[in-house]
Amino acid sequence: MTTSSEHDTIDLLDPAEFAFTRRVWVDAAPETVYDLVSDVSTVGRWSPNASEVAYDDGAGPRAGAWFSGRNSKADKEWTTRSQVVEAEPGRGFGFVVGGAEGGIVHWQWTLRAHGRGTVVTQAWKLLRFDPVLGSTRADLTALRDYMADSVESTLVALARWLAETPGSRWFQRTTSQAV
């Protein structure tokens, strides 16, 4: 029988243990939500950790495209390079930090029409270990939990922004009017 400890080093761990999924319903069509999440420059409006995110010159929301973004946590700041691995308007958008080949974290947005709006699912999955993320089970568990809290904040802020921003170029109400 194998037991685990918070002090287990990464050579004893499976990256698949470090993943989560969160979801929220928003009052907007899947195509509208896709336009927002695939325009990586908008994520700073909702994310408590990401800012100054932009596609490389000439790139956009398509598989294979690269972008950079600044991240922060407590008193630390760093820049990441990510590659888009999925870009399906109205359905999903995904990217891998570090690139599709050899990246360390997969982020995925999945969109599903529900009633007059969209269920937005955001998932985070560790693909491989990297010392920059931590070296023990406790480090990686803390990172996963921190990122889960960040995603919850992001999704709530996205839903709130969509509800409170009528007239913006992104807002498209999906409610029907009586005739």
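When reading the values below, keep in mind they use all heavy atoms of this one structure, side chains included, and skip hydrogens, waters and symmetry mates.
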Test applied, side-chain contact (heavy atoms from CB on, under 4.5 Å); reference residue, Arg81; option that passes from Val97, Asp56, Val96: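 That would be Asp56; it is the only one of Val97, Asp56, Val96 passing the side-chain contact (heavy atoms from CB on, under 4.5 Å) with Arg81.
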
Between [X] and [Y] (side chain of the first, backbone of the second, donor and acceptor by atom type, cut-off under 3.5 Å), is there such a pair?
X      : Y      : result
Ser82  : Phe67  : no
Ser150 : Tyr146 : no
Thr118 : Val120 : no
Gln83  : Trp66  : no
Thr165 : Leu162 : no
Thr32  : Ala28  : no
Arg128 : Gly102 : yes
Asn49  : Ser72  : yes
Asp139 : Ser135 : yes

Taking NZ, NE, NH1 and NH2 as the nitrogens, is one of them in Glu17 or Arg137 under 4.0 Å from a carboxylate oxygen of the other?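 Arg137 and Glu17: salt-bridged.
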
Could you tell me if the side chain of Lys73 sits less than 4.5 Å from the side chain of Trp78, heavy atoms only?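 They are in side-chain contact.
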
Heavy-atom side-chain proximity of Thr121 to Thr21 below 4.5 angstrom: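 Thr121 vs Thr21: side chains touch.
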
Are side-chain N/O atoms of Gln108 and Gln122 paired as donor and acceptor at under 3.5 Å?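 No, Gln122 and Gln108 have no side-chain donor paired with an acceptor closer than 3.5 Å.
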
Can you confirm whether the side chains of Asn71 and Thr79 place a donor and an acceptor under 3.5 Å from each other?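 Checked: Asn71/Thr79 side chains show no N/O donor-acceptor pair below 3.5 Å.
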
Mark yes when over 12 heavy atoms from residues, nucleotides or ligands other than Arg91 sit less than 6.0 Å from its CZ; otherwise mark no.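 No, not enclosed.
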
So, Phe93 versus Trp109, ring centres under 6.0 angstrom or not?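 No, too far apart.
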
